Amino acid sequence: MTARVLIVDDLLPNIKLLEARLSAEYFDVVTATNGPQALELCREGGCDIVLLDVMMPGMDGFEVCSRLKADPATMHLPVVIVTALDQPEDRVHGLECGADDFLTKPVDEIALIARVRSLARLKITIDELRARASTSANLGLASREPNDGARGRILLVEDRPSSADRIDSALRDFHDIDIEQHPQEALFRAAENNYELVVVSLNLAHFDALRLCSQLRSLERTRTLPILLLADMDDRQRVLRGLDLGVNDYIMRPIDRNELLARVRTQLRRKRYTDSLHENVQAAIELAVVDALTGLNNRRFLETHLATALDQTAHKGRPLSLMILDIDHFKSVNDTYGHDAGDEVLKAFAQRIKRVLRSADLVCRLGGEEFVVVMPDTPLAVAERIAERVRAAVEGARFPVDPKATRTIPVTTSIGLAERGADANADALMRRADKALYASKTSGRNRVTAAAA
């Protein structure tokens with residue numbers, strides 16, 4: 001996995017040292033010698049990760065980091081502060097500015113590569129979500145604003161009561177925290193509850209904490225759940241291994257309370273940001289396959305679903321029937337009462353037929369006033385009874401033509417049915433059902449016609 005890394009330092013020897021180490025691992029490297037130059041490169045999309053020195057003339061690294069995280073165009077960029085400052089208050093300051101991690105000079109090469117690889121994986125995921133969310137925005141879907149990482153729901157996995165109490169006392173005034181001593185039970189709880197962060201002690205007495213981290217990454221429901229490791233100073237190799245497994249961050253004991261709070265806030269902000277991107281992508285998917293007026297699936301979804309359903313029923317030797325419905329004389333509704341009234345009838349029609357169909361039946365709006373119902377495991381004789389029930393339900397009560405239902409009109413529907421043939425061909429099935437619908441229309445409407453087998 002490669003990425004383009006921006007090194008920001010006012011001292012050329014420092015730049016050359018980091019550049020050599022990263023280039024040896026096949027990372028692309030770009031450089032900047034001051035804050036304004038770095039900001040410009042980031043705004044132009046010239047990097048994936050920023051390695052940022054703190055002590056620079058003019059604009060220091062803390063200010064550069066704050067500006068990157070305040071700009072919507074660059075707020076998603078992972079930033080690692082590389083500095084000789086190694087006090088907890090320095091780390092807290094950097095984390096509060098939005099930094100993702102600290103590396104202390106002289107930089108440990110293995111730690112550098114592990115952290116850059118970890119952040120490169122994160123950046124690829126976020127970039128993909130951002131690209132899809134951008135499409136959603138073009139479709140008119142608004143995204144949530146980034147938050148400050150306040151009040152998250154956290155699961156702490158720690159089997160030493162004294163350590164668990166210290167972590168709990170540090171976090172409980174700001175977050176909702178649950179404590180679990182047993183790793184396997186923690187895995188179940190993480191999968192079944194809406195936690196936003198899992199904090200895992202690397203020194204569990206009778207279980208390999210990294211195995212728990214690996215299991216969290218392998219489960220679909222916890223794959224994107226942030227993991228923060230609690231580690232001792234001599235756990236360096238295991239921490240690096242954890243980063244390779246997908247751990248998001250770590251903090252060394254003895255734990256500074258303010259640093260812990262800052263790292264937790266960073267992970268919560270990032271998770272909520274990616275969650276908002278996921279929501280926009282999901283909304284875009286729904287927009288692509290759902291009819292906006294009726295809330296039913298649309299023609300695009302039907303084409304994919306019907307082909308799959310036919311393949312499955314043919315493989316199992318099970319029946320499948322298709323129903324096509326058309327609202328009778330719908331054009332006259334639009335001409336007499338207006339298109340808004342027609343929309344009200346379409347929405348009410350969709351809801352009414354859904355109420356009388358079975359949960360296994362898929363209802364789609366084909367277009368205009370035409371609808372399709374896919375009925376799996378349904379022979380034609382049963383489909384006829386279902387179709388008659390639908391027809392009667394439509395005819396049985398008048399339809400509103402305005403949102404407040406102050407005016408109503410009678411509505412009927414014509415229905416055509418067909419059952420899956422030996423060829424299991426979606427187009428052939430649709431044509432036979434459509435032919436049966438035409439027969440219902442030409443023979444007086446408001447009736448059900450089944451296609452001959």
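Here the structure is a predicted model, which is why all the values come from computation and not from measurement.
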**Q** Which pair of heavy atoms, one from E369 and one from L346, lies closest together, and at what distance?
**A**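 In terms of heavy atoms, the two residues are closest at CA-CD2, 3.9 Å.
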
**Q** Looking at A20, is its backbone amide N or carbonyl O close enough to the side chain of S23 to form a donor-acceptor pair, meaning the two atoms are under 3.5 Å apart?
**A**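 Side chain of S23 to backbone of A20: no pair is present.
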
**Q** One thing to verify: whether K105 and D53 come together as a salt bridge, which I'm taking to mean a side-chain N less than 4.0 angstrom from a carboxylate O.
**A**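 Yes, this pair counts.
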
**Q** Take Y195 and D178 through the side chain to side chain donor-acceptor pair (under 3.5 Å) test and state the conclusion after the steps.
**A** CA-CA 9 Å; Y195 291 110; D178 294 332; 2.7 Å; yes

**Q** Between L22 and I7, is there a side-chain heavy-atom distance shorter than 4.5 Å?
**A**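 The answer is yes; the side chains approach within 4.5 Å.
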
**Q** Excluding sequence neighbours, so at least two apart, what forms side-chain contact (heavy atoms from CB on, under 4.5 Å) with D311?
**A**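 Partners of D311 under the side-chain contact (heavy atoms from CB on, under 4.5 Å) test: none.
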
**Q** Does a side-chain N-to-carboxylate-O contact under 4.0 Å join R91 and D256?
**A**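 Looking at D256 together with R91, the answer is no, because their closest N to O distance does not fall below 4.0 Å.
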
**Q** Indicate yes or no: does D275 engage K271 in a salt bridge with an N to O separation below 4.0 Å.
**A**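 Looking at K271 together with D275, the answer is yes, because their closest N to O distance falls below 4.0 Å.
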
**Q** Does this structure show an ion pair linking D343 with K347, if we count only N-O contacts that are shorter than 4.0 Å?
**A**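 No, this pair does not count.
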
**Q** Any salt bridge (Lys or Arg N to Asp or Glu O under 4.0 Å) pairs touching residues 197-218, not counting sequence neighbours?
**A**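 Salt bridge (Lys or Arg N to Asp or Glu O under 4.0 Å) check on residues 197-218 returns D208-R238.
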
**Q** Take D127 and K123 through the salt bridge (charged side-chain N to carboxylate O under 4.0 Å, His left out) test and state the conclusion after the steps.
**A** CA-CA 6 Å; D127 278 353; K123 178 63 164 47; 2.6 Å; yes

**Q** Strictly by side-chain hydrogen bond (donor to acceptor under 3.5 Å, both in side chains), give each pair with a member in residues 299-310 just once, sequence neighbours left out.
**A**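 Matches after skipping sequence neighbours: none remain.
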
**Q** Just by modelled atom types, is the T378 backbone N or O under 3.5 Å from a matching donor or acceptor in the S321 side chain?
**A**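 Yes: the side chain of S321 pairs with the backbone of T378.
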
**Q** Is L210 close to L202 at the side-chain level, that is, under 4.5 Å between some pair of heavy atoms?
**A**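 SC-SC contact between L202 and L210 confirmed.
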
**Q** Is the shortest side-chain N to carboxylate O distance from R67 to E63 below 4.0 Å?
**A**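 E63 and R67: salt-bridged.
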
**Q** Keeping S118 on the side-chain end and A114 on the backbone end, is there a donor-acceptor pair under 3.5 Å?
**A**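 Looks like no, no N/O pair under 3.5 Å.
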
**Q** Regarding D377 and R318, does a basic nitrogen lie under 4.0 Å from an acidic carboxylate oxygen?
**A**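 A salt bridge is present here (some side-chain N lies under 4.0 Å from a carboxylate O).
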
**Q** Check for a donor-acceptor pair, side chain of R365 on one end and backbone N or O of L296 on the other, with a separation under 3.5 Å.
**A**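 Pair absent, no side-chain N/O of R365 close to backbone of L296.
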
**Q** State whether the side chain of D48 and the backbone N or O of A3 hold a donor-acceptor pair below 3.5 Å, judged by distance alone.
**A**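 No, because the side chain of D48 does not come within donor-acceptor range (under 3.5 Å) of the backbone of A3.
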
**Q** Do V374 and L322 come within less than 4.5 Å of each other through their side chains, counting heavy atoms only?
**A**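 Yes - at least one pair of side-chain heavy atoms lies under 4.5 Å apart.
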
